[in-house]
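In what follows, a single structure is set out as C-alpha cells and then discussed.
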Amino acid sequence: MIRNMSQIDVKLGIQSILGRINEAFLSRNPVIKTKKPLLVAVSKTKPVELIAEAYETGQRDFGENYVQELKEKGTNPVILEKCKDIRWHFIGHLQHKQVNKVLKTPGLYMVETIDSERIATAINNSWEKITKPNKEPLKVLVQVNTSNEEEKSGVDPSNVVPLCKFIIETCNNLKLEGLMTIGKFGHDYSTGPNPDFISLMKCQKDVCEAFSWDESDVEVSMGMSDDFDEAIKVGSTIVRVGSSIFGYRQKK
Ligand SMILES: *Cc1c(COP(=O)(O)O)cnc(C)c1O
C-alpha cells in the first residue's frame with residue numbers, strides 16, 4: 001500500500017500539530033482577540049486511507065486545492081462510509097467552469113478562495129441551484145494577495161472591503177466568514193513578524209470596522225506547515241497544515 005512508502009504516522013502528526021497550535025495560542029499576546037485556531041489538514045496528493053486515519057483521531061476539517069481531486073476524494077466510498085462528518089475546505093484557485101464540481105462535493109464546508117465579484121456571483125447562483133430549497137448558506141472566505149505577487153491569486157488589500165461588501169449585499173446564499181492569504185514563502189522570522197500576516201490582520205481590522213463586526217467573529221486563514229505557530233501568534237484562526245501531518249508531497 002501507498003502508505004508504506006511514506007511511513008508517516010498521521011495520528012501522531014495530528015496530535016503533535018494540535019499541541020503546537022494550543023501552545024502558540026496560549027503564548028500569544030493577550031491583546032489579540034481572535035478566536036482559537038482551527039486546524040485544516042491539507043490532504044492534497046495524499047490517499048483517502050490517510051484521510052480516514054486522521055479522521056479517526058477526531059480531525060474533521062480537511063483542505064484540498066485541486067478541483068478534480070476534491071471531487072474524487074469527496075465521493076470516494078471510503079470517505080463516504082468512514083468519514084460521514086468530514087468538512088472539506090476548498091483552498092485552491094477556482095475557475096468559473098469548475099464551480100459546480102466543487103459545490104456538488106458531499107461534505108463541502110467552506111470555499112476559502114473567493115477573489116472576485118464574478119466568482120462570488122457564480123458560486124452564489126450555483127449554490128442556490130444545487131442546494132434548493134433553502135439549505136444553509138455556503139461559508140466563504142475572501143482570498144487576499146498580501147504579498148502582491150503576480151502568480152498568487154487574491155484581491156489587493158485595498159479591494160477587500162469592497163468585495164466583502166458585494167458578497168454581503170448581493171450574495172444571499174453565501175456566508176462571509178473572513179479572509180485568507182497564502183503569502184510569500186520563506187520569510188526570515190529573525191527579522192520580525194511576517195508582513196503577509198500583519199497585512200491580513202490589518203485587512204481583518206478594516207472589515208470589522210466597515211461592517212461593525214467583532215474581531216472575535218471574523219476568520220483569518222493563514223499559516224502552513226512552516227509557519228503556522230507564527231501565524232497564530234499574530235491572530236490566525238484557521239491554519240492549513242499539510243506536509244507536517246501527511247509527509248512530503250511530490251510536486252504535481
Ligand atoms: C498545500 C497548501 C497548504 C499546506 O502546505 P504545507 O506546507 O504542506 O503545510 C496550505 N494552503 C494552501 C493554499 C495550500 O495549497
Side-chain angles (χ1 to χ4, degrees), residues 3 5-6 8-10 12-21 24 37-48 50-51 53-54 59-74 87-95 98 102 105 108-115 119 139-155 177-189 194 196-197 199-200 203 219-252:
R3 55 169 308 210
M5 263 165 55
S6 55
I8 198 93
D9 189 333
V10 167
L12 209 64
I14 294 276
Q15 275 164 18
S16 132
I17 300 298
L18 287 175
R20 281 171 60 189
I21 288 174
L38 171 79
L39 170 62
V40 173
V42 178
S43 46
K44 63 184 179 210
T45 78
K46 300 296 178 180
V48 291
L50 292 188
I51 297 174
E53 238 174 85
Q59 179 66 28
R60 292 293 175 267
D61 294 86
F62 292 84
E64 288 286 340
N65 67 341
Y66 303 106
V67 174
Q68 185 59 26
E69 191 177 347
L70 172 71
K71 183 193 161 175
E72 280 166 20
K73 286 177 177 172
R87 310 199 304 192
W88 292 110
H89 295 237
F90 185 71
I91 59 173
H93 182 63
L94 191 48
Q95 285 172 337
Q98 301 173 310
V102 170
T105 303
L108 179 71
Y109 179 74
M110 183 184 275
V111 175
E112 298 202 8
T113 48
I114 307 281
D115 63 358
I119 203 76
K139 294 177 174 50
V140 297
L141 304 181
V142 161
Q143 182 175 0
V144 188
N145 187 351
T146 51
S147 51
N148 197 21
E149 291 169 281
E150 243 174 63
E151 71 275 17
K152 292 234 164 75
S153 309
V155 291
E177 295 271 319
L179 309 175
M180 176 272 209
T181 190
I182 296 177
K184 216 179 200 142
F185 297 117
H187 174 70
D188 175 4
Y189 282 93
N194 189 324
D196 286 301
F197 297 164
S199 169
L200 197 65
C203 294
E219 303 284 356
V220 192
S221 175
M222 59 189 193
M224 318 195 339
S225 286
D226 287 340
D227 54 14
F228 69 89
D229 326 69
E230 298 288 344
I232 290 168
K233 283 184 193 162
V234 294
S236 174
T237 66
I238 299 178
V239 292
R240 310 177 308 265
V241 180
S243 45
S244 292
I245 297 169
F246 296 108
Y248 286 107
R249 286 181 301 269
Q250 226 109 52
K251 279 243 153 72
K252 274 218 161 178

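By convention here, the first residue in the shown sequence is residue 1. Both backbone and side-chain heavy atoms feed into the values below; hydrogens, waters and symmetry mates do not. What you see is a predicted model, and the numbers here were worked out from it, not measured in a lab. Just so you know, ligand 1 is whichever comes first in the structure, and atom 1 is the first atom listed for that ligand.
Contacts of Ser225 classified as side-chain hydrogen bond (donor to acceptor under 3.5 Å, both in side chains), with partners at least two apart in sequence or in another chain: Ser243, Ser244. Residues passing the side-chain hydrogen bond (donor to acceptor under 3.5 Å, both in side chains) test with Glu150: none are found, sequence neighbours excluded. With sequence neighbours left out, the side-chain hydrogen bond (donor to acceptor under 3.5 Å, both in side chains) criterion links Thr105 to no other residue.
Between Val234 and Met222 the shortest side-chain heavy-atom distance falls below 4.5 Å. Within the 4.5 Å cutoff, the side chain of Leu141 has no heavy atoms near those of the Lys139 side chain.
When heavy-atom distances to ligand 1 are checked against 4.0 Å, the residues falling inside are Val42, Lys44, Asn65, Ile91, Ile182, Met224, Ser225, Arg240, Val241, Gly242, Ser243, Arg249, ordered by chain and number.
Taking 4.0 Å as the cut-off between side-chain N and carboxylate O, Arg20 and Asp229 count as a salt-bridged pair.
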